[in-house]
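This one's a predicted model, so the numbers in the text were calculated from it and none came from an experiment. The chains referred to below are lettered A, B, ... by the order of the sequence lines, with proteins before strands, and numbering in each begins at 1.
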2 protein chains.
Amino acid sequence: MQSTQDSIKNSARVTIADVAREAGVSKGLVSFALNDRPGVAAETRTRILKVAGALGWTPSLRARSLSSKRSFALGLVIARDPEVLGSDPFFTSFIAGVETVLAPEGLALVLSVVPDEETELQTYRTLVTDGRVDGVFLSDLRIDDARIQCLADLGLPTVTLGRPDQPSPFPAVSIDDTHGIAESVRHLAGLGHRRIAHVAGSPAMLHGSRRQDAFTSAMRAAGLGDGQVVETDFSIAAGADAARRLLSQPQPPTAIVFASDPMAIAGIGVAQELGVRVPEDVSITGFDDIEFARYIYPALTTVGATPLVWGRAAAITLLGLIRTGSADDVDLPAARLVIRGSASVPPPTEH
Amino acid sequence: MQSTQDSIKNSARVTIADVAREAGVSKGLVSFALNDRPGVAAETRTRILKVAGALGWTPSLRARSLSSKRSFALGLVIARDPEVLGSDPFFTSFIAGVETVLAPEGLALVLSVVPDEETELQTYRTLVTDGRVDGVFLSDLRIDDARIQCLADLGLPTVTLGRPDQPSPFPAVSIDDTHGIAESVRHLAGLGHRRIAHVAGSPAMLHGSRRQDAFTSAMRAAGLGDGQVVETDFSIAAGADAARRLLSQPQPPTAIVFASDPMAIAGIGVAQELGVRVPEDVSITGFDDIEFARYIYPALTTVGATPLVWGRAAAITLLGLIRTGSADDVDLPAARLVIRGSASVPPPTEH
DNA sequence: CTTGATGCCTAAACCGGTTCAGGCATCCGC
DNA sequence: GCGGATGCCTGAACCGGTTTAGGCATCAAG
């Protein structure tokens, strides 16, 4: 009978009950010992641990999830057109940063890519009712963002990537991007540019409008007026259109500050196509310092973001929030300008 | 007492037991009715469903996971340097395609980004012992890929992206990329190029070596010898290096076929930096048709991949495999050449 | 009128953990 | 020597589903 049982056991999962029987204690005590909780004699605890190790016991995530009402996973919902998404390396790096924190803790990342905001809200609701995640990262903050209220109503622990423009019950992990934009403007002004334009991101998105404000402020501070601004939706196509419009004017700007690298790269492409030399005829700066920035010609002068670091910080903050119930805002070091070849002195032939 | 219970119930989850009590049947029968299983009278079934709807019952994924030993999630493990990963829009589009299948089914995608292969294998093991996923997508197939055996040993349902070079127990969802490379070579040969080089991807990766073979075959078929080949690791940096080496030769090629768009874009950058005009002095083709390809200058002639479609197909196949225990290989339409401005007739000044 | 099959349903075990009430010693102070 | 606190441990309930064994009618076949 026993040998039969043994051979059966081989194919079955080792449970906490097996450990308890083998160690001669109760199931409950095994659970206590395994979770480092007080109320277990030191000697008993080591014996239980030894037995568990010998038996090759592994906790069942599923059972743990059910009884502890946790899921040991974090969620990230991305609402973007897949086409646009692909060109933006932000998320892959961000996720890689998140993983460096999650993996050692045995936590998983649940990722959703959805087409629009309505679906996104629905996805959050599903994640909660399914108990799929213990918390989420909220990215791509928008002006008057409906998702904040939605997540607050759902009671889902959340960390926002950036500080919302509205009262938010959630900790924010932010990186100051206005500084980098200001630096770009100062850099260009210092090179002698006076007609500097800005290809802004979407004004509906917080980082879009913030960068745009930073641009205007910096222009004024430099005594260069408000500067021409073209608003886009952050897509490459829109960036290219904006560049075409700016450069086709009777008196085009001598420098363009783009709100993102993909748009800036498209801008360089448009300039070249129009026969406008970069940086001789027009200087161009970007934002993000994506890998391509180094490898196109001329290499892109841009503001270096650090999505990997951001991911780490956000993950650490979210874990803290989940475990302790509260977490402080985190401010990452401001993004700095990386000077390369796409920005130079303005053309001398200016009247 | 009842009103007290009612108010308590408000804050608690509606369980299958509540439905059973309200409908005047047993828990088991409710489960049967909810899962469309035979053995429930039609009238009883509708009554149970109505009660469940009225009570706002939602199945507990966690409880379902525990008892049914499924996790209702699929996994994707990506082993790449995050830096390299960011420039490659493949995965984001692929994931978006996967999501279109998963979301309506109420399934989730668990994503891992790991730094190296050893960690990747460990991640698969963890996913299995944790019962975190019901199946995985295996991407970036390598020559003599150790992961196949690992996944087979783990008994984890898997779909491979592409057909492995070894016996594999898993269904493969493939797209023929050799055709596109051949088309590229024929296109260039047709334009009059005779010295065509290939910047290959990693020879350790299946799609790298396959494209390289396709290049060589196509060259021979066109009567142009083997063609010069430089192997890389698919990184942008390596692509740039390769282009620099090729173009700095005494007799540089008049056309370069790159194994990926990011490398091709870097190649165009290098050419411009060296004062080599594209396409006048050197023609360049890529592979993938990433969004940037359209927006750089000159616009990239490249082979159009369809990662979104691939994601959909892979997800459908994996679901089929999980549900029925087997699935057939799927062959997606071959990737086709997209002709843009980066490839043109070779320079006439050739001796 | 039995026998057996079939259809509908119940009760209870089960998945594998967590948690809580309480039992029994032991040790403390008074 | 006694009441109470403390430490260690057990047993059982619990999380919320799925699944199986079996009970009871009903109905067709023999």
Does the side chain of B/F137 come within less than 4.5 Å of B/S139's, by heavy atoms? no
With sequence neighbours left out, what residues match A/Q149 under side chain to side chain donor-acceptor pair (under 3.5 Å)? A/D153
Smallest heavy-atom separation, B/A327 atom then B/P171 atom, equals O-CB, 3.6 Å
Quick one: which residue pairs count as a ring-ring contact (aromatic ring centres under 6.0 Å, His included) with a foot in residues 40-73 of chain B, not counting sequence neighbours? none
Helix axis bend for the helix from C/dC1-D/dG30 to C/dC30-D/dG1 - C1'-based end axes, five pairs, 10° rounding: 50°
Search all heavy atoms of B/P169 against all heavy atoms of B/A152 and return the closest pair with its distance. CG-CB, 4.0 Å
Sidechain-backbone polar pair: B/D165 side chain, B/D144 backbone, donor-acceptor under 3.5 Å: yes
Indicate the atoms forming the closest heavy-atom contact of A/A73 with A/R132, along with that distance. CB-O, 3.7 Å
Within the modelled atom types, does a donor on one side and an acceptor on the other bring the side chain of B/K27 and the base of D/dG17 under 3.5 Å apart? yes
Members of residues 58-73 of chain A that approach DNA chain D, where some heavy atom sits under 4.0 Å away: A/L66, A/S67, A/K69
Partner residues of A/D331 under the side chain to side chain donor-acceptor pair (under 3.5 Å) criterion, sequence neighbours left out: A/R163
Tell me, with the steps shown, if B/T306 and B/I175 meet side-chain contact (heavy atoms from CB on, under 4.5 Å). CA-CA 9 Å; B/T306 49; B/I175 183 168; 3.8 Å; yes
With heavy atoms of chain B within less than 4.0 Å as the criterion, where does contact along DNA chain C begin and end? C/dC8 to C/dG16
Between A/A79 and A/D116, which heavy-atom pair has the shortest distance, and what is it? CB-O, 4.2 Å
Tell me which donor-acceptor pairs under 3.5 Å the side chains of residues 27-43 of chain A have, and how far apart each pair is, sequence neighbours excluded?
residue : atom : partner : partner atom : Å
A/N35   : ND2  : A/S31   : O            : 3.0

Would you classify B/S31 as touching base, sugar-phosphate or nothing, given that sugar-phosphate means primed atoms plus P, OP1 and OP2, and contacts are heavy atoms under 4.0 Å? base
Of all of residues 32-51 of chain A, which get a heavy atom below 4.0 angstrom from DNA chain D, listed by number? A/G39, A/V40, A/A41, A/T44
List the residues meeting side chain to side chain donor-acceptor pair (under 3.5 Å) with B/R147, not counting sequence neighbours, and say none if there are none. B/E120, B/D145
Within the structure shown, what part of the strands sits under 4.0 Å from A/V30 by heavy-atom distance: base, sugar-phosphate, or nothing? nothing
Applying side chain to side chain donor-acceptor pair (under 3.5 Å), can you list everything that pairs with B/R64, at least two apart in sequence or on another chain? none
Within residues 126-134 of chain B, the residues having a heavy atom closer than 4.0 Å to DNA chain D are none
Between side-chain atoms of residues 94-111 of chain B and protein atoms elsewhere (two or more places apart, or another chain), which donor-acceptor pairs fall under 3.5 Å?
residue : atom : partner : partner atom : Å
B/T100  : OG1  : B/G97   : O            : 2.6
B/T100  : OG1  : B/R312  : NH1          : 3.0
B/E105  : OE1  : B/R323  : NH2          : 2.9
B/E105  : OE2  : B/R323  : NH2          : 3.3

Smallest heavy-atom separation, A/I148 atom then A/F170 atom, equals O-CE1, 3.8 Å
